[in-house]
Asker: 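This structure is in structure tokens; I'll ask about it shortly.
What you see is a predicted model; the values in this text were computed from it and never measured.
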Amino acid sequence: VFGKSPDVDVSTKGGNAKTSIPDVKSSLATDEDLVAIHKMDKDNFEGSYTIDEDFNAYKADLDDREVATYALKSDDGKVMGYYQLEPIENGELYIYSIGVPPELQKTKSSYAVLKKIQEEITKTANEKGVKKVVLDVDADNKALVKLYEKFGFKITGEESGIEAGTPYHDYRMEIDV
């Protein structure tokens with residue numbers, strides 16, 4: 001797993017009183033899932049990163065980057081979270097994006113979904129023989145940086161610049177798996 005996590009009951013089997021989340025399953029996202037994920041991306045990253053407003057352009061960008069998108073869905077088919085992985089380079093698995101719906105953020109339910117995402121990414125890394133998982137995060141989003149640190153990520157670099165006319169300041173974070 002991604003390192004030591006806070007002591008929180010994150011069972012997703014059948015739901016429970018502590019997390020209030022149904023059992024979630026991970027699978028490659030369908031086009032229908034991508035519509036919900038696109039909305040989450042726009043809601044979650046507005047002001048931090050440029051997310052194409054047009055769904056077809058968004059999907060084409062993911063395809064061009066060869067990003068694999070996985071949806072975590074409840075038994076009733078609702079997308080409870082997602083993660084996106086770029087192709088492995090230099091022995092590193094790069095997390096392009098992770099998200100949960102805004103209404104779940106900062107709840108035990110979101111932590112449970114993120115824990116499940118962590119398990120799935122670790123499983124993928126192990127299956128591919130990858131020893132390191134990396135991601136970039138908005139350095140000004142202190143809460144998110146702290147959350148990744150709780151999952152065992154460490155800041156290993158920093159980058160600033162302008163992308164599509166929007167300035168950014170990111171930390172590179174990594175974890176050995």
Asker: Step by step, work out the side chain to side chain contact (heavy atoms under 4.5 Å, CB included) result for F153 and V145.
Answerer: CA-CA 9 Å; F153 282 86; V145 171; over 6 Å; no
Asker: Please report the interatomic distance CG(L85) to NZ(K128), rounded to the nearest 0.5 Å.
Answerer: 9.5 Å
Asker: Which atoms form the tightest heavy-atom contact between P87 and E66, and what is the distance?
Answerer: CD-O, 3.3 Å
Asker: Does some side-chain heavy atom of I155 sit less than 4.5 Å from a side-chain heavy atom of V137?
Answerer: no
Asker: Mind running side chain to side chain contact (heavy atoms under 4.5 Å, CB included) on L62 and L34 for me, showing each step along the way?
Answerer: CA-CA 10 Å; L62 293 176; L34 272 176; 4.1 Å; yes
Asker: Take Y82 and S97, measure what side chain to side chain donor-acceptor pair (under 3.5 Å) needs, and give me the verdict at the end.
Answerer: CA-CA 8 Å; Y82 72 93; S97 185; 3.0 Å; yes
Asker: Distance from S110 atom OG to K108 atom NZ, nearest 0.5 Å?
Answerer: 11.5 Å
Asker: So how far is it from I37 CD1 to K39 NZ, rounded to the nearest 0.5 Å?
Answerer: 13.0 Å
Asker: Which heavy atom of P101 sits nearest to which heavy atom of G81, and what is that distance?
Answerer: CD-N, 4.3 Å
Asker: Taking it one step at a time, do I88 and E92 satisfy side chain to side chain contact (heavy atoms under 4.5 Å, CB included)?
Answerer: CA-CA 6 Å; I88 295 167; E92 298 177 343; 6.0 Å; no
Asker: For D61 and A57, indicate whether the former's side chain and the latter's backbone hold a donor-acceptor pair under 3.5 Å.
Answerer: no
Asker: Is there a salt bridge (Lys or Arg N to Asp or Glu O under 4.0 Å) between K115 and E119 once you walk through the steps?
Answerer: CA-CA 6 Å; K115 187 70 173 165; E119 291 168 6; 5.5 Å; no
Asker: Could you state whether M80 and L28 fall into the same hydrophobic cluster, counting links through intermediate Ile, Leu, Val, Met, Phe, Trp or Tyr residues with side-chain heavy atoms under 4.5 angstrom apart?
Answerer: yes
Asker: With a 4.5 Å limit on heavy-atom distance, are the side chains of K59 and H38 in contact?
Answerer: no
Asker: Is there a donor-acceptor contact under 3.5 Å linking the side chains of T69 and Y83?
Answerer: no
Asker: Atom CD of E158 and atom CG of D136: how far apart are they, to the nearest 0.5 Å?
Answerer: 11.5 Å
Asker: Answer yes if the side chains of Y171 and E159 hold a donor-acceptor pair under 3.5 Å, and no otherwise.
Answerer: no
Asker: Run the side chain to side chain donor-acceptor pair (under 3.5 Å) check on Y58 and D41 step by step: do they pass?
Answerer: CA-CA 10 Å; Y58 171 82; D41 261 358; 2.6 Å; yes
Asker: Just so I know, are the side chains of D33 and Y70 near enough to count as touching, which here means a heavy-atom distance under 4.5 Å?
Answerer: no
Asker: How about NZ on K142, more than 12 heavy atoms from neighbouring residues, nucleotides or ligands closer than 6.0 Å, or not?
Answerer: yes
Asker: As a test of understanding, state which of K154, K132, K131 forms a salt bridge (Lys or Arg N to Asp or Glu O under 4.0 Å) with E174.
Answerer: K132
Asker: Near E127 CD, under 6.0 Å, is it more than 12 heavy atoms from other residues, nucleotides or ligands?
Answerer: yes
Asker: Rounded to the nearest 0.5 Å, what's the gap from CG on L144 to CG on D138? Could you check?
Answerer: 8.0 Å
Asker: Test side chain to side chain contact (heavy atoms under 4.5 Å, CB included) on Y168 and I162 and set out the steps.
Answerer: CA-CA 6 Å; Y168 68 90; I162 297 176; 5.7 Å; no
Asker: Does any non-hydrogen side-chain atom of E32 lie less than 4.5 Å from one of V79?
Answerer: no
Asker: Do I98 and L114 touch side chain to side chain, with heavy atoms closer than 4.5 Å?
Answerer: yes
Asker: Roughly how far, to the nearest 0.5 Å, is the CG atom of D63 from the CZ atom of R65?
Answerer: 12.0 Å
Asker: Which heavy-atom pair separates K116 from L72 by the least distance, and what is that distance?
Answerer: CG-CD2, 3.3 Å
Asker: Please examine the side chains of V67 and Y94, heavy atoms only from C-beta on, and report whether any two atoms are closer than 4.5 Å.
Answerer: no
Asker: Identify the heavy atoms of D75 and K25 that sit nearest to each other, and give their distance.
Answerer: OD1-NZ, 3.5 Å
Asker: Under a 4.5 Å cut-off applied to non-hydrogen side-chain atoms, are R172 and L135 in contact?
Answerer: no
Asker: Shortest non-hydrogen contact from V130 to G91?
Answerer: CG1-O, 3.3 Å
